[in-house]
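Shown next, in structure tokens, is the structure this report addresses.
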Amino acid sequence: MDNNFDKILDECVDRINRGESLEQCLADYAEYAGQLEPLLRVILQTKETYSFLPSASAKNNARQRFNAELERLEQRRWEKQPLLNRIFARPVVWATVAVAIVIFIAAYFGFRPMLSPTSPGPSDVVSPVISQPSPVPDPEGNFVFLISDDVNAIEDFTSVNITIAKIGILPSGDSAEWLEFDPEIREVDLTQVKGEKTQEVWRGNVPVSQYNNVFIYVDNVSGILEETGQEVEIKLPSNKLHINKSFTISTDSVVSFVFDITVIKAGKSDQYILQPQVSDSGAQYKPVEGKGKGRKQ
Amino acid sequence: MSAEADSGKTEIRYDYEIRLTGLYEEYYDKIARYAYVHIGNKTDAEDIAGEVFLKALQSIKSYKERGIPMHAWLFRIAHNLVVDYLRKTKKHKLVPIDNVTVEANANPVDIAERNVEIEKMNRAMEQLTQEQREVLRLRFFGGLTSREAGGILNKSDGAVREMQRAAIEKLRKLMVAD
């Protein structure tokens, strides 16, 4: 049997795996149709005979175990980091401390010109964030990033304030690099964005591409319980909350991506935990003509 | 090792974890199907599919970017788990008809016909070599390309294509003769 026929048959297997019909493949290789057809029918028959769709509950249970393991590994990695790294990993805290030190030194030496509007500001001098070419905010931008809260334990609180230090989106492709940017609005009270409500935190232009992962870096979270009026600890399993959700930035639409976060109450410990809600997160597309109008906030 | 190299490795591992998470939706079903055709038990096949992702996460350090693609690497893990399973249970390798789930309101004639079909297919599959069966499992149920299947079987993609064609032809002859 010639090598060429092996390749044609192989291509037809790939096409059937992708959902194409036997007829589509035969039409493209009419000269081999006589040889191909019986073999392709055997392929379809084999797939049909052993067809099996795993149950949704088994898949979800396995997914939960996978997510729990992922969180455990992330937590362990975080704990293993030296103290200095942990401090550097919290850019807002570090920036605040660094700015305070610079102001103190400047004041001490009477070096006031350093603080004048024409000189670089303190945060420019000491910012620990290595600047990558990151997108800049633009009110007419093609990408809007919003925060929302899926109603779980949020009703227990009068306020849950989170501070977002950084947003990142990952283009598709093996060698893709994260595109990171600072939110324009850093503090969001999750009790104000329950259910369908959202809070826009960034709007600007990002490169046209397919993206498949999103993260936000939460620097701080504090919640006030309605019942006691006291602040209560809300555990943050990881400062980096990430979700795997695909969306496409194109030239003909404005994409509003809602990152849904939820506060849940762990059954046994009564501990409140902040976590991303993948099922309620995702992108909405609006044609360019309609951008900026009728946006749900 | 320097702190910089350490941090670079952590970043790479973190990226691998994200990619693995991204593969879950698409490949859980395919791995479960691949395992099912091997072991003939749907519940255990689902467990194996879940276990594959946990194992992959725990051993993500051993994944090499330049080797086979990550989704093909998952099938290598699946293969090892299936082999372990079969060794422990010493169970049949093909789908038994009493394991075939049918719709609650299915026609008894349809059920009987389907059972006959499975028996026939099982008999034909048993006539193939072990490698031929594995090629068909990886290609038809795992959805891997010949090159990816070759990466797992340590064969060239040409050798996989040839084995695939021979296996399908043999299956056809056996099905017609039966």
Side-chain angles (χ1 to χ4, degrees), chain A residues 1 3 5-7 9-11 13-14 16-18 35 38-55 57-59 61-70 72-74 77 80-82 84-85 170 172 174-178 212-213 215 240 242-246, chain B residues 3 7 10 13-15 17-22 24-25 28-29 31-33 36-37 42-43 45-47 49-51 53-54 57-58 60 65 69-70 94-95 101 114 117-118 120-122 124-125 136 139-141 143-146 157-158 160-162 164-166 168-169 171-172 175-176:
Chain A
M1 185 72 60
N3 190 271
F5 181 75
D6 286 354
K7 284 185 178 167
L9 178 65
D10 194 57
E11 192 197 316
V13 174
D14 283 335
I16 287 171
N17 281 345
R18 289 196 297 265
Q35 278 174 279
L39 301 187
L40 297 185
R41 291 206 181 281
V42 169
I43 296 167
L44 291 176
Q45 193 184 350
T46 311
K47 284 168 88 90
E48 168 64 24
T49 303
Y50 295 132
S51 65
F52 158 50
L53 184 66
S55 76
S57 63
K59 190 173 179 179
N61 289 342
R63 177 87 201 210
Q64 278 173 15
R65 285 200 302 277
F66 177 79
N67 286 345
E69 181 65 11
L70 199 60
R72 192 186 67 80
L73 290 175
E74 208 158 304
R77 201 157 44 225
K80 269 187 179 176
Q81 283 187 10
L84 207 58
N85 285 8
L170 180 68
S172 302
D174 278 354
S175 57
E177 288 183 358
W178 285 97
N212 56 16
N213 273 286
F215 83 78
K240 213 169 192 173
H242 75 257
I243 55 174
N244 170 244
K245 205 89 181 184
S246 295
Chain B
S7 135
T10 305
R13 210 180 307 161
Y14 184 72
D15 278 349
E17 284 174 7
I18 290 170
R19 275 164 56 188
L20 182 62
T21 309
Y24 188 91
E25 276 307 311
Y28 175 90
D29 287 4
I31 292 168
R33 249 174 246 135
Y36 170 59
V37 179
K42 290 183 177 178
T43 310
E46 288 168 342
D47 287 347
E51 190 66 18
F53 281 90
L54 280 181
L57 193 55
Q58 287 156 355
I60 201 102
E65 178 79 76
M70 190 177 273
L94 293 169
V95 177
T101 312
R114 183 152 164 69
E117 196 62 32
I118 289 169
K120 208 170 141 182
M121 184 65 78
N122 282 350
M125 286 285 270
L136 298 191
R139 293 284 286 127
F140 297 179
F141 303 99
L144 298 189
T145 64
S146 288
D157 47 345
V160 170
R161 283 197 295 268
E162 204 178 316
Q164 173 179 253
R165 191 249 313 139
I168 299 170
E169 280 180 344
L171 264 188
R172 180 181 168 250
M175 297 292 280
V176 169

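Order of the sequence lines fixes the chain letters, A, B, ..., with proteins taken first and strands second; residue numbering starts at 1 for each chain.
Chain A forms more heavy-atom pairs under 4.5 Å with one residue of B:E17, B:R139, B:Q164, B:M175 than with any other, namely B:R139. Comparing B:T21, B:L54, B:L20, B:D15 by heavy-atom pairs within less than 4.5 Å of chain A, the highest count is held by B:T21. Of the listed residues A:K245, A:R63, A:E69, the one with more heavy-atom pairs under 4.5 angstrom with chain B than any other is A:R63. Between chain B and the residues A:F66, A:W178, A:F215, the most heavy-atom pairs under 4.5 angstrom are made by A:F66. Your options are A:I16, A:L9, A:L53, A:T46, and the one with the most heavy-atom pairs under 4.5 Å with chain B is A:T46.
At a 4.5 Å heavy-atom cutoff, A:R18 makes no contact with chain B through either its backbone or its side chain. With a 4.5 angstrom heavy-atom cutoff, B:E51 does not touch chain A via any of its atoms. With a 4.5 angstrom heavy-atom cutoff, A:N213 touches chain B only via side-chain atoms. Both the backbone and the side chain of A:S51 have a heavy atom closer than 4.5 Å to some heavy atom of chain B. Interface remark: B:A45 contributes side-chain atoms only to the contact with chain A (heavy atom separation under 4.5 Å). Of the atoms belonging to A:L73, it is side-chain heavy atoms, and not backbone ones, that fall under 4.5 Å from chain B.
Side-chain contact of B:S146 with A:D10: a donor-acceptor pair under 3.5 Å is present, judged by distance alone.
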Inset, instruction - Begin with the C-alpha distance, continue with both residues' side-chain angles, and end with the deciding distance and a verdict on side chain to side chain contact (heavy atoms under 4.5 Å, CB included) for B:E117 and B:N122. - result: CA-CA 9 Å; B:E117 196 62 32; B:N122 282 350; over 6 Å; no

Inset, instruction - Verify side chain to side chain contact (heavy atoms under 4.5 Å, CB included) between A:K47 and A:N17, making sure each step is shown before the conclusion. - result: CA-CA 10 Å; A:K47 284 168 88 90; A:N17 281 345; 2.6 Å; yes

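Judged by the 6.0 Å and 45° rule, B:K42 forms a cation-pi pair with B:Y36.
For B:R33, the side chain to side chain donor-acceptor pair (under 3.5 Å) test picks out no residue, with sequence neighbours left out. Applying the side chain to side chain donor-acceptor pair (under 3.5 Å) rule to A:R65 yields no partners; only residues at least two apart in sequence or on another chain are considered.
Between A:E11 and A:K7 no salt bridge is recorded (no basic side-chain N to carboxylate O distance below 4.0 Å). Here B:R172 does not pair with B:E169 in a salt bridge; the nearest charged N to carboxylate O distance is not below 4.0 Å.
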